[in-house]
Number of protein chains: 2
Amino acid sequence: MDPGTTPDYDPQAFPPFAVTVDIVVMTIIEDELRVLLIRRAVPPFRDSWALPGGFVRPDEDLSTAAVRELAEETSINQEPDHLEQFGTYGHPDRDPRMRVVSVGYWAIIPDLPTPKGGSDAAYAELVPVAELEGGRIRLAFDHDRIVTDAIALARSSLENTTIATRFCPPEFTISDLRRVYEAVWDSKLDPGNFQRKVKQTSEFLQPLNQTTRSGDKGGRPAALWVKGPAEKLSPPLSRPDSN
Amino acid sequence: MDPGTTPDYDPQAFPPFAVTVDIVVMTIIEDELRVLLIRRAVPPFRDSWALPGGFVRPDEDLSTAAVRELAEETSINQEPDHLEQFGTYGHPDRDPRMRVVSVGYWAIIPDLPTPKGGSDAAYAELVPVAELEGGRIRLAFDHDRIVTDAIALARSSLENTTIATRFCPPEFTISDLRRVYEAVWDSKLDPGNFQRKVKQTSEFLQPLNQTTRSGDKGGRPAALWVKGPAEKLSPPLSRPDSN
DNA sequence: TTTTGTATTAGTCATAATGACTATATCATA
DNA sequence: TATGATATAGTCATTATGACTAATACAAAA
């Protein structure tokens with residue numbers, strides 16, 4: 001930004017923009033990666049699905065606006081475990097009413113309370129990303145593009161960071177973590193190799209010295225772990241096919 | 001973005017923001033990574049160094065504004081080889097005069113013509129990033145933070161993508177490419193291992209079947225290469241120490 | 001109680017990639 | 001012709017990986 005570089009420019013005469021935030025909230029339900037969408041109540045794109053979001057207030061930081069809008073529009077009272085800015089969208093025609101620049105945030109919520117739509121939103125729902133990627137659900141404005149970018153970031157982040165733990169509750173098994181990878185990447189991973197990899201990456205996981213009871217279908221009880229301090233994975237946990 | 005979700009909201013009554021772009025232009029001169037800065041001619045931060053940038057026009061896309069401002073403020077007539085959005089900065093106090101949201105772009109220029117400052121800018125100069133990281137040069141507004149983020153992105157991108165070729169002229173040697181890595185990462189790389197790595201990554205480089213003459217200090221002539229179609233490096237070219 | 005099924009966890013093995021290092025090739029220049 | 005410099009090829013031990021087998025520990029069925 002650099003208003004004021006030109007000496008004879010009136011700093012008050014800037015072209016006014018609306019600035020908004022849009023939040024792509026991801027969670028995993030039934031081993032499926034899902035995104036939180038709301039049903040629009042007013043034109044344009046009335047009755048279409050759209051991302052939760054809204055205007056940034058005059059004295060509010062961008063990330064603060066994202067947290068606030070999330071709470072207002074979706075009755076999510078818990079703070080997201082992860083909130084990361086990933087892109088800004090400002091094409092002149094992206095909103096038919098006026099010039100709007102929107103900042104996209106990626107949020108992860110480990111175990112989402114049943115969303116019902118807050119005061120602002122008519123209706124909120126967790127939609128499987130497969131519905132969006134298959135083209136069976138189309139979103140308002142340029143939100144398809146925004147979600148596509150967020151999904152790409154999520155898939156890439158799982159390769160290079162330990163962010164996958166944010167999808168899990170505080171205590172989890174290595175198989176829980178593997179199912180996060182499988183849901184986000186939409187591919188199966190070898191359980192043994194996955195276990196070896198996350199264990200040899202120091203600080204990724206910390207042992208709890210407890211085990212779960214067996215699951216519904218039996219099986220050996222699994223050890224419980226908590227997230228470790230490591231943020232980066234190097235070498236990365238490479239995604240099948242993606243080479 | 002979602003103005004209009006709330007039924008009784010007046011879509012014209014949005015809080016007005018100024019939207020700007022700031023461009024972090026990187027190039028390598030004398031085996032040093034450098035960033036293009038301009039000297040501010042007016043308050044606030046008069047005579048301080050700042051990033052080139054300016055207001056987005058009412059009917060202009062964000063990336064278009066970045067290219068335009070770059071040309072206007074720095075007399076760079078060539079299009080940058082790479083222009084990538086990397087972050088948006090919107091803290092309420094980041095500009096003392098008004099509420100400004102700025103979108104940061106990372107640009108790479110392989111061989112920069114001598115910058116002199118265009119009509120808008122008093123003075124433009126290519127400053128070594130070591131001067132900024134050492135704290136010997138401080139920038140106006142929150143531009144230190146913006147440059148720091150851009151440098152982090154550049155260092156990370158060299159690990160995982162083939163973007164380093166954008167710092168090179170169309171035809172280059174593997175040692176030229178290695179010196180790009182050494183300049184951006186500020187660390188020495190083994191010439192033999194580097195050569196093996198970039199050669200075995202298919203599509204990274206394409207051979208030209210020509211050689212250069214020896215350099216100033218003699219040495220065996222090097223083969224010439226051009227950038228290949230590959231964009232991603234997997235496995236990555238891992239950075240020393242950074243583990 | 002024994003068997004079966006299932007998931008977790010450990011281990012094997014061939015292959016690939018890496019870091020550190022040595023050797024050779026090919027030029028300019030002393 | 002010798003020397004210095006750089007590019008390029010090759011060696012070798014170590015580590016990481018993918019594919020696979022085996023052992024472990026539970027629930028539930030027989």
Side-chain angles (χ1 to χ4, degrees), chain A residues 31 158-160 168 171-182 185 187-225 230 232-243, chain B residues 31 158-160 168 171-182 185 187-225 230 232-243:
Chain A
D31 292 339
L158 257 58
E159 291 190 86
N160 300 299
C168 298
E171 302 180 0
F172 54 90
T173 68
I174 290 180
S175 293
D176 290 337
L177 188 63
R178 177 169 47 82
R179 277 184 279 270
V180 170
Y181 275 88
E182 292 177 337
W185 285 349
S187 58
K188 288 290 175 192
L189 300 179
D190 180 89
N193 291 340
F194 183 83
Q195 183 137 184
R196 178 182 58 190
K197 173 67 181 177
V198 300
K199 279 184 178 172
Q200 84 186 3
T201 305
S202 75
E203 315 275 73
F204 192 173
L205 302 182
Q206 287 176 342
L208 261 185
N209 298 321
Q210 297 175 23
T211 56
T212 54
R213 292 184 49 85
S214 296
D216 295 348
K217 305 168 198 160
R220 174 176 172 175
L224 281 173
W225 306 76
K232 293 184 183 173
L233 283 182
S234 70
L237 212 162
S238 68
R239 185 178 170 196
D241 302 332
S242 76
N243 294 17
Chain B
D31 292 341
L158 257 57
E159 291 190 87
N160 300 299
C168 298
E171 302 180 0
F172 54 89
T173 68
I174 289 181
S175 293
D176 290 337
L177 189 64
R178 175 169 48 81
R179 278 185 279 270
V180 170
Y181 275 88
E182 291 178 337
W185 284 349
S187 57
K188 288 290 174 193
L189 300 179
D190 181 89
N193 292 339
F194 183 83
Q195 182 137 182
R196 178 181 60 190
K197 173 67 181 177
V198 299
K199 279 183 178 171
Q200 84 187 2
T201 305
S202 75
E203 316 275 74
F204 191 173
L205 301 182
Q206 287 176 343
L208 261 186
N209 299 322
Q210 298 175 25
T211 56
T212 55
R213 289 183 50 85
S214 295
D216 295 347
K217 305 169 199 159
R220 174 176 172 174
L224 280 173
W225 306 76
K232 293 184 183 173
L233 284 182
S234 70
L237 211 162
S238 69
R239 184 178 169 194
D241 302 333
S242 76
N243 292 16

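Worth saying up front: this structure is predicted, and the values here are computed from it rather than measured. Naming: A, B, ... by sequence-line order, numbering from 1 per chain.
- Residue pairs satisfying the side-chain hydrogen bond (donor to acceptor under 3.5 Å, both in side chains) criterion with at least one member in residues 201-210 of chain B, sequence neighbours excluded, are absent.
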For A:Lys199 and A:Ile174, what are the C-alpha separation, side-chain angles and deciding distance, and is it a side chain to side chain contact (heavy atoms under 4.5 Å, CB included)?
CA-CA 9 Å; A:Lys199 279 184 178 172; A:Ile174 290 180; 3.8 Å; yes
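- Evaluation of the salt bridge (Lys or Arg N to Asp or Glu O under 4.0 Å) rule for B:Arg178 yields B:Glu182 as partners, not counting sequence neighbours.
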Run B:Leu177 and B:Phe204 through side chain to side chain contact (heavy atoms under 4.5 Å, CB included) and show every step you take.
CA-CA 11 Å; B:Leu177 189 64; B:Phe204 191 173; 4.0 Å; yes
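- Between the CG atom of A:Leu205 and the C1' atom of C:dT8 there is a distance of 15 Å, given to the nearest Å.
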Apply side chain to side chain contact (heavy atoms under 4.5 Å, CB included) to B:Phe172 and B:Leu205, showing your working.
CA-CA 10 Å; B:Phe172 54 89; B:Leu205 301 182; 3.6 Å; yes
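- In this structure, A:Arg239 atom CZ and D:dT17 atom C1' are separated by 18 Å, rounded to whole Å.
- Between B:Lys197 and the phosphate of C:dA17, there is no side-chain N or O to OP1/OP2 separation shorter than 4.0 Å.
- Counting to the nearest Å, the C1' atom of C:dT8 and the CG atom of A:Leu189 are 16 Å from each other.
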Start with the C-alpha gap between B:Leu237 and B:Leu158, add the side-chain angles, then the distance that decides, and say whether side chain to side chain contact (heavy atoms under 4.5 Å, CB included) holds.
CA-CA 7 Å; B:Leu237 211 162; B:Leu158 257 57; over 6 Å; no
Within the 4.0 Å limit for protein heavy atoms, which parts of nucleotides 5-15 of chain D are touched? Write it as a string from 5' to 3', B for base, S for sugar-phosphate only, - for none.
BBBBS-B----
